[in-house]
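The residues of the chain are indexed from 1 along the displayed sequence.
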Amino acid sequence: TPGSSLKPLGSRHLYYRTNNKNIFKPPLVLLKRGSQDRDLCFSYCDYECVYPDRIYGLSLRNKGTDYHKALVACLNSSIAHYFLFIISSVWAIEKTSDLLHDEIISFPALPSVMSEATVKTLARKVDEMIELKLADKLVLDSDHEIIRIQKKIDEIIFKELDLSQNDQMLINGVLNFSIGLKKKYDESNAEGVAELDEYADVLVKTLNQTIGFSNKTAHVEIISGRKTEFRILIVRFEASPSKIIKNQFDPKKINALLSDVNDYVYSQYSQTIFFRKVYIYYNLINNSIYLIKPNQKKFWIPSQALYDADAMLAEMINYNEHSF
């Protein structure tokens, strides 16, 4: 938060928040309770200031500048957004979108469990973003550079917390495709045409990790139809090396079939609410599972493959006495 953007109060500061002056002394971590597009906004401040009740301030007297900057990096990271969405009663859910004080301070102080080298690295990343912000339009493509730094901060935190690739997929899936952050949702092209390759790869690997003890492996067949209302993916279990294949069918026949499916699964619940169901059909006769979902990216992302694999495995356990 640049000091140049604020007005000096002079002696009037004596009338503000007179209970404890220490909470206005730098280094400070500031949070705006509500923000544009319902996103969060944590900021670092290196000067004395007072702030209204719409802003929360945090200053740890026994911690230095690098610690506070690293804390800002952690609070602005994907892991913090994910955590606060999970525990918050309103943020990214209701239109008010404010975070409560108790919710904010419940987020773990990650720099306290990080190595000193990592804390310094995160602090330098914050410094890089501050320099870009201060330079403003003098730096070409500064917005993209800031996004690159933010992604690097996420990578550093994920590595320090030893989060697996699956953990990261679940976090990114929720933030970009599930919660009501309009900017992130639009940027993710959540309602764009689905590409099934990455989804199929994660699905096969997840299934095979569990059924690897058996004599069968999961195989995936992707049915063509990028311009259709729905996409179809078939999972088969065979005693041969796992593979992913794509099959071409007559577009007219596929479109006609999927049009009938759409008429069946698309229904009106009320005057303004419509349902379009997702179908998973289990065929025990030929050891196959059919997935029929709308042709939108948000239904075929890698994190959704993890959920779908769990659902399939649960059903397979229920029908363990059959041919699966």
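When the ring pair (Phe, Tyr, Trp, His ring centres under 6.0 Å) test is applied to Tyr44, no partner is found at least two apart in sequence or on another chain. Thr65 meets the side chain to side chain donor-acceptor pair (under 3.5 Å) test with no other residue; sequence neighbours excluded. Listed by chain and residue number, nothing satisfies the ring pair (Phe, Tyr, Trp, His ring centres under 6.0 Å) test with Tyr307 (two or more places apart in sequence, or in another chain). Evaluation of the ring pair (Phe, Tyr, Trp, His ring centres under 6.0 Å) rule for Tyr290 yields Tyr281 as partners, not counting sequence neighbours. Residues that satisfy the salt bridge (charged side-chain N to carboxylate O under 4.0 Å, His left out) test with Asp46, not counting sequence neighbours, are absent from this structure. Glu128 meets the salt bridge (charged side-chain N to carboxylate O under 4.0 Å, His left out) test with Lys125; sequence neighbours excluded. In this structure Arg148 satisfies the salt bridge (charged side-chain N to carboxylate O under 4.0 Å, His left out) test together with Glu145, sequence neighbours excluded.
At a cut-off of 3.5 Å, with distance as the only test, a side-chain donor of Thr1 or Ser43 sits close to an acceptor on the other residue. Side-chain contact check for Ser242 and Asn208: at least one donor-acceptor pair (N or O, by modelled atom type) lies under 3.5 Å.
Within the structure, salt bridge (charged side-chain N to carboxylate O under 4.0 Å, His left out) contacts touching residues 285-295 (residues at least two apart or in different chains) are Lys293-Asp308. Within the structure, salt bridge (charged side-chain N to carboxylate O under 4.0 Å, His left out) contacts touching residues 203-213 (residues at least two apart or in different chains) are Asp201-Lys205.
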Show me the donor-acceptor pairs within less than 3.5 Å that the side chains of residues 113-123 make with the rest of the protein, sequence neighbours left out.
from	atom 1	to	atom 2	distance (Å)
Ser115	OG	Thr118	N	3.2
Ser115	OG	Thr118	OG1	2.9
Thr118	OG1	Glu160	OE1	2.9
Thr121	OG1	Ala117	O	2.9

Side-chain polar contacts of residues 150-157 - donor-acceptor pairs under 3.5 angstrom, sequence neighbours left out - could you list them?
from	atom 1	to	atom 2	distance (Å)
Asp154	OD1	Ser78	N	3.0
Asp154	OD2	Ser78	OG	2.6

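Under the 4.0 Å criterion applied to side-chain N and carboxylate O atoms, Asp66 and Lys69 are not assigned as salt-bridge partners.
Expressed to the nearest 0.5 Å, how far CD1 of Ile292 lies from CZ of Arg231 amounts to 13.0 Å. Between atom OH of residue Tyr282 and atom CE of residue Met316 there is a gap of 9.0 Å, rounded to the nearest 0.5 Å. Annotation: the span from Leu134 atom CG to Met129 atom CE amounts to 12.5 Å, rounded to 0.5 Å. Rounding to the nearest 0.5 Å places CG of Leu58 at 9.0 Å from CG of Leu30.
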Quiz item: Hey, mind stepping through Gln304 and Val202 against side chain to side chain contact (heavy atoms under 4.5 Å, CB included) and telling me if it holds?
Solution: CA-CA 9 Å; Gln304 188 59 49; Val202 173; over 6 Å; no
Quiz prompt | Test log, rule side chain to side chain contact (heavy atoms under 4.5 Å, CB included), inputs Ile244 and Val204 | solution = CA-CA 8 Å; Ile244 298 174; Val204 165; 4.0 Å; yes
Quiz item: Can Leu28 and His68 be said to form a side chain to side chain contact (heavy atoms under 4.5 Å, CB included), step by step?
Solution: CA-CA 7 Å; Leu28 288 167; His68 285 77; over 6 Å; no
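When side chains are defined from C-beta on, Glu48 counts as touching Pro26, because their heavy atoms get closer than 4.5 Å. Put simply, the side chain of Lys297 reaches to within 4.5 Å of the side chain of Phe177, judged on heavy atoms. A heavy-atom distance below 4.5 Å is not found between the side chains of Ser240 and Lys216.
Of all heavy-atom pairs between Asn295 and Ala194, the closest is OD1-N, 3.1 Å. Here the closest non-hydrogen pair linking Cys74 and Pro111 is SG-CD, 4.0 Å.
Chaining together hydrophobic side chains whose heavy atoms lie under 4.5 Å apart places Tyr47 alongside Leu6.
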